[in-house]
Structures are given as structure tokens and as C-alpha cells.
Amino acid sequence: MTTVSTVDRLLAEDAVRRALIAYCRGVDRGDAAYALTAYHPDGVDHHGTWDGRVSDHFADALQRLVDRTTSTVHLMGASEFDWIDARAVRVESSVLALHEVVDAQGRRSIEHLHGRYLDVFRCISGEWRISERTFVRDLDFLDDRGTAAYPPGLFAEGARGSEDPAASF
């Protein structure tokens, strides 16, 4: 590991975690502009369903996900930091993505996608953001027993965009 002061390391790791959370929140809310705040403008992503500069492909890829799902939830797990130098770090983070889909007959299924983000974060102009990401799939399965566990209306319901309770929180 390269030598990085404890304070610089802690500040950088906090900025990285905030970027990871912004990415997940943006994807789950269907807000490409917000999700893209996790990347440098010239950032690239190798994501299976698409590959390339996020500025060229991300908004379209997210819209395809929004169009085929009724909701998504991305949950970040542990992250491991491997410092390249004081301005660059490799970060391996566990992620669980849940995608709700409804078929033509109204049957609800949940796609479970467990994997890892292999990110290179760089600090450019004081901003820690993703320069390059590779998504690694470790496990996936479809749960077609997706009957809701609770009756509708019991909880505040999540939604994309301005209809989500967090939009007025």
C-alpha cells in the first residue's frame, strides 16, 4: 500500500462511499444525472449490458432498466481499498441489486443480482469519482414467487422521480 496520511485516507474513503451511495440512489430513483455524479466526466463502465464512456451510454442504459422494471434497490456491502497513490485508489465493493419486474399477466418477480464493483477512483480537482468501473457478477437468480409480504398502503410507497417520499423529505 502506498503511504497516504490517515486524515487524507479517511476523507478520501468517505468521499468514495458517498459516490457509491449517489450511484445507487440515482439508479434506484431513475435519475441518471444524479447517478453520474459518481463518475468523472470521462469515466468508463464495463457493465455487461453496456460498455463504454458513461457520458455516451449511461442515460440510455438506465432508461432501459427503468422501462423493464417497476422498481430497483441497490444495496452496498463492504468496500476494500487498495491505494495506488495519494490521488488514486482501487476499490472493490460488494453489491446486491434487486429488480422488480411484472410480466404481461401481472405476475411479479424479483431479479436478484449479487456482485462486485471493481472501481478505480481518482481525485481530480479535489473530487473523488470513478474513472473506471467493472461489474463482476457472482450470483443471480429470479424469484418468481414475488407475492408481496405486506398489504398495499401499509407503508409509504417508493417511486421514481418526484413521486418518491424522499423528494419532499
Test side chain to side chain contact (heavy atoms under 4.5 Å, CB included) on Arg160 and Thr72 and set out the steps. CA-CA 10 Å; Arg160 292 186 173 123; Thr72 63; 3.6 Å; yes
Taken to the nearest 0.5 Å, the spacing of Glu157 CD from Ser71 OG works out to 9.5 Å
How close do Ala156 and Pro165 get, counting heavy atoms only, and between which atoms? CB-CG, 4.2 Å
Sorted by chain and residue number, the salt bridge (charged side-chain N to carboxylate O under 4.0 Å, His left out) partners of Asp138 (sequence neighbours excluded) come out as Arg116
Under the ring-ring contact (aromatic ring centres under 6.0 Å, His included) test, residues paired with His112 that sit two or more places apart: Phe141
All side chain to side chain contact (heavy atoms under 4.5 Å, CB included) counterparts of Leu96, not counting sequence neighbours: Leu75, Leu98, His114
Partner set under salt bridge (charged side-chain N to carboxylate O under 4.0 Å, His left out) for Arg107, not counting sequence neighbours: Asp103
Residue set satisfying salt bridge (charged side-chain N to carboxylate O under 4.0 Å, His left out) with Arg87, at least two apart, ordered chain then number -> none
Apply the side-chain contact (heavy atoms from CB on, under 4.5 Å) test between His99 and each candidate in Thr69, Leu142, Ile110; give the one that qualifies. Thr69
Compile the donor-acceptor pairs under 3.5 Å between side chains in residues 14-27 and protein atoms, sequence neighbours left out, one pair per line.
residue	atom	partner	partner atom	Å
Asp14	OD2	Arg18	NE	3.0

Ignoring hydrogens and angles, write down the donor-acceptor pairs under 3.5 Å from the side chains of residues 117-125, residues two or more places apart or on other chains.
residue	atom	partner	partner atom	Å
Asp119	OD1	Arg133	NE	2.7
Asp119	OD2	Arg133	NH2	3.0

List for me each residue that meets salt bridge (charged side-chain N to carboxylate O under 4.0 Å, His left out) alongside Asp42, sequence neighbours excluded, and say none if there are none. none
Would you mind listing every salt bridge (charged side-chain N to carboxylate O under 4.0 Å, His left out) that reaches into residues 53-76, with sequence neighbours excluded? Arg68-Glu111
I would like to know whether Val7 and Leu10 meet side chain to side chain contact (heavy atoms under 4.5 Å, CB included); could you show each step before the answer? CA-CA 5 Å; Val7 171; Leu10 291 172; 5.9 Å; no
Under 3.5 Å side-chain donor-acceptor pair for Ser109 and Asp144: no
Value for OG1 (Thr49) from NE2 (His57), rounded to nearest 0.5 Å, stands at 11.0 Å
Can you list, by chain and residue number, the hydrophobic cluster partners of Val101 when the side-chain cut-off is 4.5 Å? none
In this structure, CG of Asp164 is separated from CZ of Phe169 (nearest 0.5 Å) by 11.5 Å
Same hydrophobic cluster for Val44 and Val89, using side-chain heavy-atom links shorter than 4.5 Å among ILVMFWY? no
Compare every heavy atom of Gly30 with every heavy atom of Val66, then report the nearest pair and how far apart it is. CG2-CA, 3.9 Å
Value for CD (Glu92) from OG1 (Thr134), rounded to nearest 0.5 Å, stands at 11.5 Å
So which heavy atom on Ala167 is nearest to which on Ser162, and how close? CB-O, 3.6 Å
Taking ring-ring contact (aromatic ring centres under 6.0 Å, His included) as the definition, give me every residue that meets it alongside His40, ordered by chain and number, with sequence neighbours left out. none
Do Met76 and Tyr34 land in one hydrophobic cluster if side-chain heavy atoms of ILVMFWY residues count as linked below 4.5 Å? no
Using side-chain heavy atoms (C-beta onward) and a distance below 4.5 Å, is Trp83 in contact with Arg9? yes
Mind checking whether Leu11 and Trp128 have side chains closer than 4.5 Å, heavy atoms only? no
Taking only residues two or more places apart in sequence, or in another chain, which ones meet Tyr150 in a side chain to side chain contact (heavy atoms under 4.5 Å, CB included)? Leu154, Phe155
